[in-house]
Amino acid sequence: MASAPGAAAKTQAALAGLRDVRHLERERAKLALDLVLKSAGSLPDEECSEVLACVDAFVAEAMAADGGDEWATRLAGLTAGKSLLSARLRCESVELRLQRACMDMLEDDEVRVRVAVGDVLQALAQLRGGSVLAACMERVLLSIHENYDRDGEGAKARRERGDVGTGPASPTASQPNSRNSSVGDLLGMLLESSYKVIKPGTGELRHGTEGWHSLESSCRALGQMLEGAGADAREWMQGDLLVLIARSQHHPNRFVREVSHYTVGTVAQALAGDELVAAAPTFVQQLADGLSDGWSQVRYAASVATRTFLQSLPAYAHDDVLPTLLPPMCLNRYYEAEGVRRFSQQTWREVMGDNGRAKVAQFAPQVVAYYVAQSKSNSHSVRESACACIAELMEKVDRAAVAPHVGDLLRALMFCFKDMGWPVRDAACTAFGRCVLSHPAETAPVLERELWALWLAHLWDNIPSVRRNTAVAAANAVRSFGMPALEKLLPALWDMLPRARDQPPDQTAAPEGAAGAGDRALDNDHGQHTGQEMFSCTTLATRTGKDYFIKSDGCMDYGFNREREPWEASDGALQLLEQLALLGGPPQAPLPPAPPPQPQQLPPSPTPPSPDASVREAALSAVLRALPLLPDLAELRSFAKAHVLRESVWRVLPTLGRALGKQKFKANLELLLPPMFTDLACGYPLTEAAAGRCIIAIRP
């Protein structure tokens, strides 16, 4: 007798907590209610009925709440009903009441209530099957149709106007291309469009996610109902409903697009088999567009839907859809957003298996066309991904399939090599370095025409990773073309390596014994940070200059906007010197820059070929000739970034020593030891660590 009041009391306490306006308290109350309802099934019938009666009365009271101030009460009723349905405790009166309430609250003013409506509809459909769809589908679809367009736009605007115009007597008088138009009419239209006042929040000044009312939540509720009904939803998935879902995948509101892609995954699961083959043309292009969407959340939702779609589609129908879906699936394995990238890699493993490269070769024209198009995308991260994909295509896919398209791929890479954004230039530079190894004959004309000039310029780039990856790419050219390529690099090496000695001293350099004082002085110098030009993210283009709005058309290199400093030339030369040491030393593969994670079934990049003996000897001679210049660089402390240059010296020095051998290396080591030990306590952690690792590496 004591257990029944305890169960009812716990239920009442949990239900009361659901009304709290604080999210954390509501979550605690929901957890407590779930525990009570989960154990209610094991109680005697009388006690279980008492618990159900408590929930029934609470839901009835909550559903009667009205007005915006009582949203927490309405949300509490829906949450309690969802917990009851999830516990599989059947109560006809509660289920019917919840079903009616969901229709009443489908367009509630409070978004949390609308989201809860979708959750309840899904739980109801899981319990009651197709009857929920029969009772609620019409109302949900009506809500979607009514809110699909914003006020004053699209079909809603035409309905509001009643399709009745208020213009001049002649219907064509104001149309510039009509016979009845006049210069005055055209001029009036132009003046009206130029000087019209747009109210904030309307027209062009309205945000892309504003003004859709309950469209997103209604679309979400539709998908949740279909998912909850499972096999019972198959009879609804035809005709106009599929067209509406496909149309929503292209909706201007990104949240609606995201929800619609998830709904397509639900449809694909329900129609798995031959029925999905018939419905596939409705969704294939929309899925491909979603895989290329500018919003990562939409791209991820499309990736989820695409995996489900391909796994539900019979294998014999894959070749019908892969020409459209395969190119964006390939590119998303390198996409910047980690969730999209990792999910796409796993999809590739699950869907393509060991046939990935064969399928890419089979549909090479479509893949190449997509990569070239994406190399001109408005998103710098997509352009980076395109560069990595182009290099992978030329490196790992059947040469016979790729050969007809090499010219287009190289032109796309060259376009990216002249991009405003340094990450894109970096990716293109790295990709070219891989291409000269995989297709040396095809890249040779590009190399002579303009690639050498760009590589040598990027050795002196403002960005450290660009300088480093350029050195790797240039060394790969030496591996492919031998002595002619090395002879292109050596004059640049001798010109650039000593340039740091010409770096003018500045007042922010750290004085002797004042570790880190240079950075602190720079940070506290208001003149360095006040009233300066603003620059765009990933580029050195000014936000106020016209070049910010212009992406490279391949005729100009918009990348070099800040004046290069002499020490950056010396740093680039050090990166090149390290790569020459790797060329001339014992045969080994250079350490390439870390690419984005790749699918596991794709083999690693092929090991670069070892240069012949004459090239190795010439490279070692260059390293030996350059070694006496390094003590001067290691002693520099007269400018703010000198510690970065010294860090590079200590980082490359062990590689030079291994290439030259102990005897030759020790003969030039004495002058490097004092600055090396001084930098162990220079106040810059990265430089200190580099000096320490260098000492460990070169000690006997």
Side-chain angles (χ1 to χ4, degrees), residues 59 63 77-108 113-148 213-249 251 256 258-276 278-280 282-283 286 301 304-305 308-309 312:
V59 171
M63 295 302 100
L78 293 171
T79 304
K82 169 69 162 44
S83 296
L84 181 66
L85 297 173
S86 300
R88 301 281 174 172
L89 297 176
R90 302 303 300 269
C91 182
E92 185 75 11
S93 61
V94 175
E95 293 173 9
L96 293 177
R97 184 177 288 109
L98 285 170
Q99 185 172 294
R100 291 192 298 270
C102 285
M103 296 300 95
D104 294 338
M105 299 180 186
L106 185 64
E107 298 186 2
D108 195 275
V113 174
R114 299 200 302 269
V115 171
V117 165
D119 295 337
V120 172
L121 286 175
Q122 181 175 5
L124 281 170
Q126 289 173 342
L127 285 181
R128 301 173 69 88
S131 64
V132 176
L133 298 181
C136 303
M137 182 65 76
E138 182 178 357
R139 176 69 182 89
V140 173
L141 292 180
L142 178 63
S143 175
I144 294 174
H145 282 294
E146 288 183 342
N147 294 295
Y148 194 88
H213 301 295
S214 60
L215 178 60
E216 179 197 351
S217 56
S218 296
C219 289
R220 188 183 301 275
L222 172 63
Q224 289 177 300
M225 278 200 308
L226 296 175
E227 182 178 357
D232 291 345
R234 294 174 71 101
E235 61 180 287
W236 295 88
M237 295 180 182
Q238 54 187 334
D240 293 341
L241 179 62
L242 297 185
V243 172
L244 175 64
I245 296 172
R247 182 186 173 207
S248 299
Q249 289 177 277
H251 196 272
V256 175
E258 178 186 2
V259 170
S260 300
H261 284 303
Y262 284 123
T263 303
V264 170
T266 300
V267 171
Q269 279 185 316
L271 299 181
D274 293 337
E275 288 184 83
L276 185 58
T282 306
F283 299 113
Q286 281 82 347
V304 173
T308 306
F309 179 83
S312 304

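Because the structure is a prediction, the values reported are computed rather than measured.
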### Task
Please assess Leu215 against His251 for the test side-chain contact (heavy atoms from CB on, under 4.5 Å), listing each intermediate value before the final yes or no.
CA-CA 11 Å; Leu215 178 60; His251 196 272; 3.3 Å; yes
### Task
Would you name the heavy atoms of Leu78 and Ala116 that are closest together and state the gap between them?
CD1-CB, 3.9 Å
### Query
With Ala268, which residues qualify under side-chain contact (heavy atoms from CB on, under 4.5 Å), at least two apart?
Leu276, Thr308, Phe309, Ser312
### Query
In Å and rounded to the nearest 0.5 Å, what is the CE to CD distance from Met225 to Gln126?
13.0 Å
### Message
Looking at Tyr148, I'd like to know if the NZ or CZ of Arg247 sits under 6.0 Å from its six-membered ring centre while staying within 45 degrees of the ring's axis.
### Response
yes
### Query
Rounded to the nearest 0.5 Å, how far apart are CG of Leu85 and CG of Leu124?
5.0 Å
### Query
Step by step, would you call Cys219 with Ile144 a side-chain contact (heavy atoms from CB on, under 4.5 Å)?
CA-CA 7 Å; Cys219 289; Ile144 294 174; 4.1 Å; yes
### Message
Distance check, rounded to the nearest 0.5 Å: Leu244 atom CG versus Gln249 atom CD?
### Response
10.5 Å
### Query
In chain order, what residues pass the side-chain contact (heavy atoms from CB on, under 4.5 Å) check against Glu107, with sequence neighbours excluded?
Arg139, Ser143, Glu146, Asn147, Ser214
### Task
Given side-chain contact (heavy atoms from CB on, under 4.5 Å), test Val117 with Ser217 step by step and report yes or no.
CA-CA 9 Å; Val117 165; Ser217 56; over 6 Å; no
### Summary
Output for pair (Leu141 CG, Ser218 OG), nearest 0.5 Å, gives 10.0 Å
### Positive for side-chain contact (heavy atoms from CB on, under 4.5 Å) with Ile245, one of Thr282, Val267, Asp240
Val267
### Task
Measure the CD-CZ distance between Gln99 and Arg128 for me, rounded to the nearest 0.5 Å.
5.5 Å
### Separation of Leu226 CG from Gln269 CD (nearest 0.5 Å)
11.5 Å
### Summary
The single option from Arg220, Gln224, Lys82 that satisfies side chain to side chain donor-acceptor pair (under 3.5 Å) with Asp119 is Gln224
### Message
Tell me whether Glu138 contacts the main-chain N or O of Ala135 through its side chain, where contact means a donor paired with an acceptor under 3.5 Å.
### Response
no
### Task
Please tell me if the side chains of Asp232 and Val132 come closer than 4.5 Å, counting only heavy atoms from C-beta onward.
no
### Task
Go through Arg114 and Leu106 one step at a time and tell me if the side-chain contact (heavy atoms from CB on, under 4.5 Å) criterion holds.
CA-CA 6 Å; Arg114 299 200 302 269; Leu106 185 64; over 6 Å; no
## Note on the structure
Closest heavy-atom pair, Ala229 versus Leu133, reported as atoms and distance to 0.1 Å, is CB-CD1, 3.7 Å
